Amino acid sequence: MDVLLKIETDITIQEALDFIHSPACGGEVVFTGKVRNDTKGRSVDKLYYEAYKDMALLEMQKIADDVARQWDIKKIAMLHAVGDKLPGEVAVVVAVSSVHRGIAFDACEYAIDTLKATVPIWKKEFFSDGEVK
Amino acid sequence: MDVLLKIETDITIQEALDFIHSPACGGEVVFTGKVRNDTKGRSVDKLYYEAYKDMALLEMQKIADDVARQWDIKKIAMLHAVGDKLPGEVAVVVAVSSVHRGIAFDACEYAIDTLKATVPIWKKEFFSDGEVK
Amino acid sequence: MNVMLFGVAKDIAGVARMQLPEGIATVGALKAWLLAAYPAFEQLNSLMIAVNKAYAADTQAVTTTDEIAIIPPVSGG
Amino acid sequence: MNVMLFGVAKDIAGVARMQLPEGIATVGALKAWLLAAYPAFEQLNSLMIAVNKAYAADTQAVTTTDEIAIIPPVSGG
């Protein structure tokens, strides 16, 4: 399984799509998490993402290893943004390609769920009313 | 729910991504089906997709209606290519955006599974050994 | 009654459109006529008829003004 | 022993790095010291310690040469 891991200020869906592309793979599933303009009804101006980058990349590699053990996935890309992010901007991308589509959905959902649970990245929400949380 | 349906010679992942983008939606799930360079170990030169276009669009609309009934999805795009398609080229794209990611996975997988079962589109496989099936 | 054929149904019949004899009043009767005229249709995993761009049950009536299509197993995606 | 703090842990302590007193030999002892020094850590849903860039159990030994980080509940994605 080919793996692309990245934690940078700017990430794009396109670089994930480019990485997982393969004429041998019929199915690609891509999850993109974007900054929402509200959280539980409160308007949000921006988010700030901080990462413990070295460890975060190692935890992302563990997720990739778990995916490779569980499913016949050919390629996986996991990208996470850091720094200030405005509503509509890309915060995270998880993309997988495989020969069959069912396992591509399963693997992609597993990877984003696990990323959100274990990878040491933190967000701060800057609400329009001035609160920071 | 906003709906984009398209059956054309050329479709792109980007137009689906552009359509489902919204600063109100945190989660986007995109499935892309590409032409594989082999089927069960036999090398494939190209596929040819034929559609009963008017009915196919109506069946795609039914899928969108089913999705809207079952999940709180904000936008959905369903695109299918027709004509000759080479290995690596995009045959189908299903993209959804929602506030929460779990239902985005469920809705996207439901939509592509149902599309493959009900939408009147047919493929012919042109194998490298000369057979057409 | 004019019908459209798609996919492998078109390959079996050798035409994309055909004129059916008179007297076919239902989807079920149309299927029976097709299977008698083209026994190869028996090999298909399914044979559906669309009437006015929607899948139709065997009991549905058909007339010469309907848009009728022979739908072999679909294989999009 | 030098530790890094991230996210809300950094906000609670007010620093991104701190020097711990001597005599802390395990992850469990380190957590106990932190909770005593900064009672606000009690409010967090979880408090994990990473040793050399991996989550560590309370029983794990720590020394001054280890890279140690305080990991409050993660919230990426």
Side-chain angles (χ1 to χ4, degrees), chain B residues 5-8 11 30-36 39-40 44 47-63 65-66 78-83 85 89-95 108-126 131-133, chain C residues 1-20 24 26-28 30-31 33-35 37-77:
Chain B
L5 305 177
K6 192 169 167 181
I7 296 174
E8 297 292 346
I11 59 171
V30 180
F31 172 81
T32 306
K34 288 181 176 170
V35 178
R36 281 197 318 222
T39 296
K40 292 171 186 161
V44 169
L47 299 187
Y48 174 79
Y49 285 100
E50 172 192 14
Y52 179 12
K53 186 171 170 179
D54 290 353
M55 180 178 168
L57 290 168
L58 289 173
E59 288 294 322
M60 286 160 85
Q61 182 63 53
K62 284 183 194 168
I63 296 170
D65 293 344
D66 285 345
M78 278 181 270
L79 321 178
H80 203 296
V82 287
K85 292 291 146 189
E89 290 190 314
V90 176
V92 61
V93 181
V94 175
C108 188
E109 190 166 16
Y110 170 85
I112 179 62
D113 286 353
T114 309
L115 183 154
K116 289 177 77 97
T118 68
V119 175
I121 296 175
W122 298 270
K123 70 160 131 303
K124 261 204 175 94
E125 295 177 297
F126 289 76
E131 201 195 343
V132 178
K133 207 166 89 176
Chain C
M1 190 176 303
N2 203 289
V3 301
M4 295 182 286
L5 297 94
F6 291 97
V8 68
K10 183 169 59 178
D11 298 337
I12 288 172
V15 291
R17 283 183 176 270
M18 64 165 69
Q19 190 68 32
L20 299 192
I24 293 173
T26 65
V27 166
L30 177 102
K31 281 187 187 174
W33 183 88
L34 278 173
L35 289 167
Y38 302 95
F41 279 132
E42 295 274 13
Q43 312 299 320
L44 301 180
N45 286 326
S46 75
L47 181 64
M48 303 286 280
I49 306 296
V51 177
N52 299 325
K53 308 182 182 77
Y55 290 107
D58 283 357
T59 51
Q60 187 164 331
V62 288
T63 73
T64 53
T65 58
D66 289 322
E67 177 177 319
I68 300 172
I70 315 300
I71 311 281
V74 300
S75 54

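Here is the naming used below: chain letters follow the sequence lines, and residue numbers restart at 1 for every chain. Note that the structure is a prediction, hence the values are computed from the model and not measured. What you see below is based on every heavy atom in this structure, not just the backbone, and it leaves out hydrogens, waters and symmetry mates.
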What part of [X] gets closer than 4.5 Å to chain C, counting heavy atoms only: side chain, backbone, both or neither?
X	result
Ala51(B)	backbone
Tyr49(B)	side chain
Ala56(B)	neither
Lys62(B)	side chain

ask   = At a heavy-atom separation under 4.5 Å, does Met48(C) approach chain B through its side chain, its backbone, both, or neither?
value = neither
inquiry  = So that I can tick it off, tell me whether Lys10(C) and Glu50(B) are bridged by a salt bridge, with the cut-off set at under 4.0 angstrom between side-chain N and carboxylate O.
reply    = yes
ask   = Heavy-atom distance under 4.5 Å between the side chains of Met55(B) and Asn52(C), does that happen here?
value = no
ask   = Can you name the nearest heavy-atom pair linking Pro120(B) to Val74(C), along with the distance?
value = CA-CG1, 3.6 Å
ask   = To the nearest 0.5 Å, what is the distance between OG (Ser75(C)) and NZ (Lys133(B))?
value = 11.5 Å
query = What is the distance from atom CG of Leu57(B) to atom NZ of Lys53(C), rounded to the nearest 0.5 Å?
reply = 10.5 Å
Judged by atom type as modelled, is there a donor-acceptor pair below 3.5 Å linking the side chain of [X] to the main-chain atoms of [Y]?
X	Y	value
Trp122(B)	Pro72(C)	yes
His80(B)	Gly77(C)	yes
Tyr55(C)	Thr118(B)	yes

